[in-house]
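This report refers to the structure that appears directly beneath it.
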2 protein chains.
Amino acid sequence: MEEIDRRIVTLLAQDGRMSFTDLARETGLSVSAVHQRVRRLEKRGIVRGYAAMIDHDAIGLPLTAFVSIKPIDPAAPDDAPDRLAHLHQIEACHSVAGDESYILKVRVASPVALEDLLQQIRESANVSTRTTVVLSTPYEHRPPPLGDGAVPE
Amino acid sequence: MEEIDRRIVTLLAQDGRMSFTDLARETGLSVSAVHQRVRRLEKRGIVRGYAAMIDHDAIGLPLTAFVSIKPIDPAAPDDAPDRLAHLHQIEACHSVAGDESYILKVRVASPVALEDLLQQIRESANVSTRTTVVLSTPYEHRPPPLGDGAVPE
DNA sequence: GCTGAAATTTTTTTATG
DNA sequence: CATAAAAAAATTTCAGC
């Protein structure tokens with residue numbers, strides 16, 4: 001991927017609703033050229049999709065936590081992500097190196113809801129949990145650094 | 001916030017580029033009514049913005065890690081988020097309960113880049129670090145559960 | 001706050017160099 | 001990849017209830 005595609009990706013990461021007209025102005029390309037590139041980036045999966053960023057306080061999910069999980073039976077097949085996928089309070093699931101096997105990011109309405117969710121996680125995936133509660137989030141969803149730091153391809 | 005706004009938020013969280021026409025069809029409102037509501041949700045900050053979701057492998061940042069930090073001097077004023085904000089490889093910063101004070105989510109190009117970033121974090125904020133490397137991400141950015149689980153207002 | 005409709009702008013496609 | 005043109009669709013504004 002080269003310079004202009006990288007610029008387009010950066011712009012869309014910052015404003016997913018930016019118009020092709022604006023993208024064209026920012027990149028110096030014509031509208032059709034930008035259009036073509038964006039479609040190609042989407043098709044290749046470099047742009048995976050678009051999402052509105054939501055204020056979780058406002059929608060009644062003010063409590064965020066990171067839940068690290070570890071299998072009770074280390075010999076059992078590890079299909080925890082599949083077994084947890086139905087729990088929609090889990091926003092993300094990362095397989096990680098280290099003592100524990102996955103880190104989950106969860107959003108819930110209250111401490112009681114967290115307690116309930118943890119129980120469901122333990123039951124669903126036969127794991128033990130270790131939970132770190134988020135107190136506040138100074139920043140989140142910052143766009144990736146493409147002009148500085150990363151040297152793709 | 002009531003039912004229809006919640007539905008709009010859910011739809012936009014799943015597809016940040018959904019048109020007002022489609023939102024109108026999905027909610028049973030007129031286009032102008034939906035338009036009005038979306039603008040109001042944006043103005044109130046319930047919808048914070050829109051972002052393209054990017055494949056970090058494709059843009060040369062294939063390595064994700066969680067970095068927990070702890071101040072070297074517990075008596076010093078805690079302005080770590082400000083002091084780290086210039087490091088664009090930090091995608092998110094959460095203040096957390098527990099032994100450590102913040103969890104950072106970082107994206108870098110390589111192990112060496114991670115090593116370099118960790119050093120910059122320690123120097124910039126006068127903290128010690130504990131790093132958990134992400135091996136794979138079964139899922140991420142799942143939309144919040146508004147029709148099930150949460151009971152806003 | 002909603003509807004319906006007009007005015008404007010953007011998106012999308014197609015063609016040509 | 002640029003330009004151009006045309007058609008389709010979406011955004012935005014506004015009168016009226």
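Here is the naming used below: chain letters follow the sequence lines, and residue numbers restart at 1 for every chain.
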Checklist outcome for this item: To the nearest angstrom, the CG-C1' distance between Leu23(A) and dC1(D) comes to 16 Å
Next on the checklist: Regarding Ala33(B), tell me which of base, sugar-phosphate or nothing describes its non-hydrogen contacts under 4.0 Å with the strands shown.
Outcome noted: base
Next on the checklist: What is the separation between atom CG on Leu29(A) and atom P on dT11(C), rounded to the nearest whole Å?
Outcome noted: 15 Å
Checklist entry - In terms of side-chain heavy atoms of Arg40(A), which of dG4(C), dT3(D), dC1(D) is nearest? => result dC1(D)
Checklist entry - If you check every side-chain atom of Phe20(A), which of dC1(D), dT3(C), dT12(C) has the closest atom? => result dT12(C)
Checklist entry - Of the nucleotides dC1(D), dT12(C), dT13(D), which one has an atom closest to the side chain of Arg39(A)? => result dT12(C)
Item to check | Thr129(B) side chain to Arg122(B) side chain, donor-acceptor N/O pair below 3.5 angstrom | outcome: yes
Item to check | Closest nucleotide among dT3(C), dT11(D), dA2(D) to the Ser30(B) side chain | outcome: dT3(C)
Item to check | Nearest to side-chain heavy atoms of Arg17(B), which nucleotide of dA2(D), dT11(C), dT11(D) | outcome: dT11(C)
Checklist entry - The side chain of Ser32(B) lies closest to which of these nucleotides: dT13(D), dT11(C), dC2(C)? => result dT13(D)
Checklist entry - Between dT11(D), dT10(C), dA2(D), which nucleotide has the shortest distance from any of its atoms to the side chain of Ser19(A)? => result dT10(C)
Checklist entry - So which heavy atom on Ala58(A) is nearest to which on Ile46(B), and how close? => result CB-CG1, 3.6 Å
Checklist outcome for this item: Met18(A) atom CE is separated from dT10(C) atom P, nearest whole Å, by 13 Å
Checklist outcome for this item: In whole angstroms, the gap separating C1' of dC1(D) from CG of Asp5(A) amounts to 13 Å
Item to check | Nucleotide of dT12(D), dC2(C), dT3(D) approaching Gln36(B) most closely (side-chain heavy atoms) | outcome: dC2(C)
Next on the checklist: Rounding to an integer number of Å, can you tell me how far Ile4(B) CD1 sits from dG1(C) P?
Outcome noted: 11 Å
Next on the checklist: Using 0.5 Å steps for rounding, measure from the CD atom of Glu115(B) to the OG1 atom of Thr131(B).
Outcome noted: 11.0 Å
Checklist entry - Where the side chain of Arg142(A) meets the backbone of Ile90(B), is there a donor-acceptor pair that is under 3.5 Å apart? => result yes
Next on the checklist: Whole angstroms only, please: what is the CG-C1' distance between Asp22(B) and dT10(C)?
Outcome noted: 15 Å
Checklist entry - Side chain of Tyr139(B), backbone of Pro81(A): donor and acceptor closer than 3.5 Å? => result yes
Item to check | Residue closer to the 5' end of DNA chain D, Thr21(B) versus Arg37(A) (nearest nucleotide) | outcome: Arg37(A)
Next on the checklist: At less than 4.0 Å, is any side-chain N or O atom of His35(B) found next to OP1 or OP2 of dT12(D)? Yes or no.
Outcome noted: yes
Checklist entry - Rounded to the nearest Å, what distance is computed from the CZ atom of residue Arg25(B) to the C1' atom of nucleotide dT11(D)? => result 17 Å
Next on the checklist: I need the CG-P distance between Asp15(B) and dA10(D), as an integer number of Å.
Outcome noted: 12 Å
